[in-house]
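Because the structure is a prediction, the values reported are computed rather than measured.
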Amino acid sequence: MSGDHGFMARALQLARKGLYSTHPNPRVGCVVVRDGQIVGEGWHVRAGEPHAEVHALRQAGAQACGATAYVTLEPCSHHGRTPPCADALIKAGVARVVAAMQDPNPQVAGDGLARLQQAGIAVHSGVLEAEARALNAGFIKRMEQGLPFVRVKLAMSLDGRTAMASGESQWITGPAARAAVQRLRARSSVVLSGADTLLADNARLTVRPDELGLDAELTALAVNRPALRVLVDGRLRVPLTAPFFQAGAALVASCAATARERYRAAGHELLALPGDGGHVDLRQLLAELAARGANEVLVEAGPRLAGAFAQQGLVDEYQLFVAPKFLGSEARPLLELPLARMAEAPALKIVEMRAVGDDWRIIALPAD
């Protein structure tokens with residue numbers, strides 16, 4: 001139908017309102033349409049609360065009978081913390097359901113659409129699927145691969161430097177770029193860094209509400225669902241007195257297990273993982289985070305740890321903030337990425353480039 005794309009676009013707009021709050025669930029929006037008019041709208045706010053379809057059906061009331069429901073993800077068919085949305089749609093008497101994509105969750109994976117069809121409801125899937133997949137890239141990757149979506153944030157000068165030789169790096173970029181980084185933290189399940197960064201910058205990796213630049217509703221949702229802060233510290237170099245640990249409970253991934261009780265007593269968790277030469281197995285760490293429900297991991301680290309993620313092929317997206325300044329040849333590089341020949345250089349695909357205040361943001365994906 002000619003209006004399917006327009007109504008699905010509205011459903012996606014609603015789903016994006018859950019960008020900062022639905023973890024570990026996907027972001028989902030729903031629109032109920034009757035006689036060409038929207039009679040109900042809803043979006044999933046947070047885990048454990050009603051799904052988008054339920055909110056939209058409640059708003060539509062009796063007008064849902066005979067209507068079309070547009071939903072950005074296949075309606076669930078299993079009992080989790082809430083009842084199946086497929087059953088709610090059947091009970092409401094909708095005549096047609098249009099889904100942007102099939103749910104990658106093995107507990108659903110087509111069963112929701114099949115249940116609707118068995119109830120005599122017309123079903124169509126694949127409308128604006130690319131947009132729907134992009135919105136929930138982390139959830140999809142966790143369901144399909146058992147790993148979270150890894151986004152590496154890097155701030156650099158025009159000559160590709162991230163800090164002075166002394167380690168000084170505050171501030172390369174301006175307020176608008178820093179606000180954008182706060183929003184990246186707020187949308188992530190995990191914010192991850194390494195010992196070098198915490199020791200050099202006294203970083204806390206928390207979300208600062210006054211810098212988010214969001215409306216009051218979204219700010220409240222973002223603050224009420226803080227990301228898990230993870231420190232990769234293979235040799236436990238960061239003291240428990242560091243600002244990072246004073247800012248709240250955190251997870252420390254290390255090759256050492258002997259200090260577990262000391263960290264627990266301080267309100268933190270020490271996760272012992274195998275490693276080589278004191279370097280934590282990053283793939284195993286990501287698998288552990290996915291098992292805990294992490295959809296998106298934001299890496300804010302120095303050149304060594306960020307370079308390790310890159311070398312091991314663990315990066316899904318780079319977000320580079322470029323400041324209009326030079327830091328000089330003695331300053332620290334963007335990544336520790338030893339390459340001998342041009343043929344070894346990893347290729348990237350730039351998907352977005354735009355001004356952010358006085359700086360520029362480049363979003364790039366590994367070309368392979």
Side-chain angles (χ1 to χ4, degrees), residues 12 15-16 18-20 22-27 72-73 100-101 103-105 129-156 162 180-194 197 205 227-230 232 251 253 273 280-322 334-337 344-354 356 361-368:
L12 283 165
R16 291 187 186 98
L19 193 66
Y20 305 103
T22 63
H23 162 90
N25 290 355
R27 298 134 183 164
T72 59
L73 186 68
M101 61 173 288
D103 193 334
N105 186 341
E129 181 171 355
E131 291 84 348
R133 292 185 68 88
L135 181 61
N136 285 307
F139 177 78
I140 294 169
K141 186 180 178 186
R142 178 166 68 88
M143 289 295 149
E144 294 179 345
Q145 301 180 37
L147 293 171
F149 185 92
V150 177
R151 180 178 287 113
V152 173
K153 166 257 160 183
L154 298 163
M156 67 179 187
T162 62
V181 172
Q182 290 296 308
R183 292 190 290 274
L184 287 178
R185 289 182 184 178
R187 70 173 289 174
S188 301
S189 307
V190 170
V191 180
L192 181 151
S193 193
T197 297
L205 302 183
L228 172 65
R229 297 175 307 124
V230 175
V232 178
L251 174 69
L273 292 171
V280 170
D281 185 323
L282 297 178
R283 181 174 288 275
Q284 186 161 334
L285 171 58
L286 292 175
E288 171 65 27
L289 294 174
R292 297 181 180 212
N295 292 328
E296 298 180 16
V297 171
L298 175 64
V299 177
E300 294 191 59
R304 283 205 299 174
L305 183 55
F309 273 97
Q311 289 180 59
Q312 295 175 39
L314 299 174
V315 181
D316 296 294
E317 177 183 291
Y318 294 93
Q319 293 224 4
L320 299 98
F321 293 86
V322 186
L334 187 68
L335 298 170
E336 283 195 8
L337 198 60
E344 298 174 359
L348 300 176
K349 177 182 179 182
I350 295 176
V351 295
E352 183 179 308
M353 182 184 297
R354 66 174 59 190
V356 181
R361 174 163 64 180
I362 300 172
I363 300 179
L365 313 178
D368 57 357

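Side-chain contact between Leu251 and Arg292: present, with at least one pair of heavy atoms (C-beta onward) separated by less than 4.5 Å. Contact of the Val299 side chain with the Val150 side chain is registered, since non-hydrogen atoms from C-beta on lie closer than 4.5 Å. When side chains are defined from C-beta on, Glu300 does not count as touching Leu154, because their heavy atoms never get closer than 4.5 Å. Using a 4.5 Å heavy-atom cutoff, the side chains of Leu337 and Pro346 are in contact. Side chains of Phe309 and Val232 form no contact here, defined as non-hydrogen atoms less than 4.5 Å apart. The shortest distance between side-chain heavy atoms of Glu317 and Phe149 falls below 4.5 Å. Considering only heavy atoms from C-beta on, Leu298 stays 4.5 Å or farther from Ser193 through its side chain. Annotation: side chain of Arg151 is in contact with side chain of Leu184 (closest heavy-atom distance under 4.5 Å).
A distance of 9.5 Å separates CG in Leu320 from CD1 in Ile363, rounded to the nearest 0.5 Å. One distance of note links OG of Ser188 with CG of Asn295; it measures 10.5 Å at 0.5 Å rounding. To the nearest 0.5 angstrom, Arg142 atom CZ is 7.5 Å from Ser189 atom OG. To the nearest 0.5 Å, the span separating CG on Leu282 from CD on Gln312 amounts to 4.5 Å. Between the CG atom of Asn105 and the CE atom of Met143 there is a distance of 4.5 Å, given to the nearest 0.5 Å. Distance CG/Leu365 to OH/Tyr318: 10.5 Å, rounded to 0.5 Å.
In summary, Arg133 and Glu144 engage in a salt bridge, as defined by a charged side-chain N under 4.0 Å from a carboxylate O. No salt bridge links Lys153 with Glu296; every basic N to acidic carboxylate O contact stays at or beyond 4.0 Å.
Across every non-hydrogen atom of Ala180 and Arg361, the tightest pair is CB-NH1, 3.9 Å. Gly194 and Ala301 get closest at one heavy-atom pair: N-CB, 4.3 Å. Ala290 approaches Gly146 most closely through the heavy-atom pair CB-O, 3.3 Å. Closest approach of Ala15 and Thr72 over heavy atoms only: CB-OG1, 4.0 Å. Between Leu73 and Pro104, the shortest heavy-atom contact is CD1-CD, 4.2 Å. Here the closest non-hydrogen pair linking Leu335 and Ala306 is CD2-CB, 3.5 Å.
Tested against Val297 for a side chain to side chain contact (heavy atoms under 4.5 Å, CB included), the candidates Leu285, Leu289, Leu147, Leu228 yield a single pass: Leu289. Checked options Val191, Val190, Val230; the residue passing with Leu205 is Val191 (criterion: side chain to side chain contact (heavy atoms under 4.5 Å, CB included)).
A donor-acceptor pair under 3.5 Å is formed between the side chain of Asp281 and the backbone N or O of Gln284. At distances below 3.5 Å, not a single donor-acceptor pair connects side-chain atoms of Gln319 with backbone N or O atoms of Val181. The backbone N or O of Leu334 lies less than 3.5 Å from no partner atom in the side chain of Thr162, so there is not a single donor-acceptor pair. In this structure a side-chain-to-backbone donor-acceptor pair under 3.5 Å is present from Arg27 to Leu135.
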I would like to know whether Val152 and Asp316 meet side chain to side chain contact (heavy atoms under 4.5 Å, CB included); could you show each step before the answer? CA-CA 8 Å; Val152 173; Asp316 296 294; over 6 Å; no
List the steps and the verdict of side chain to side chain contact (heavy atoms under 4.5 Å, CB included) for Met101 and Ile140. CA-CA 11 Å; Met101 61 173 288; Ile140 294 169; 3.6 Å; yes
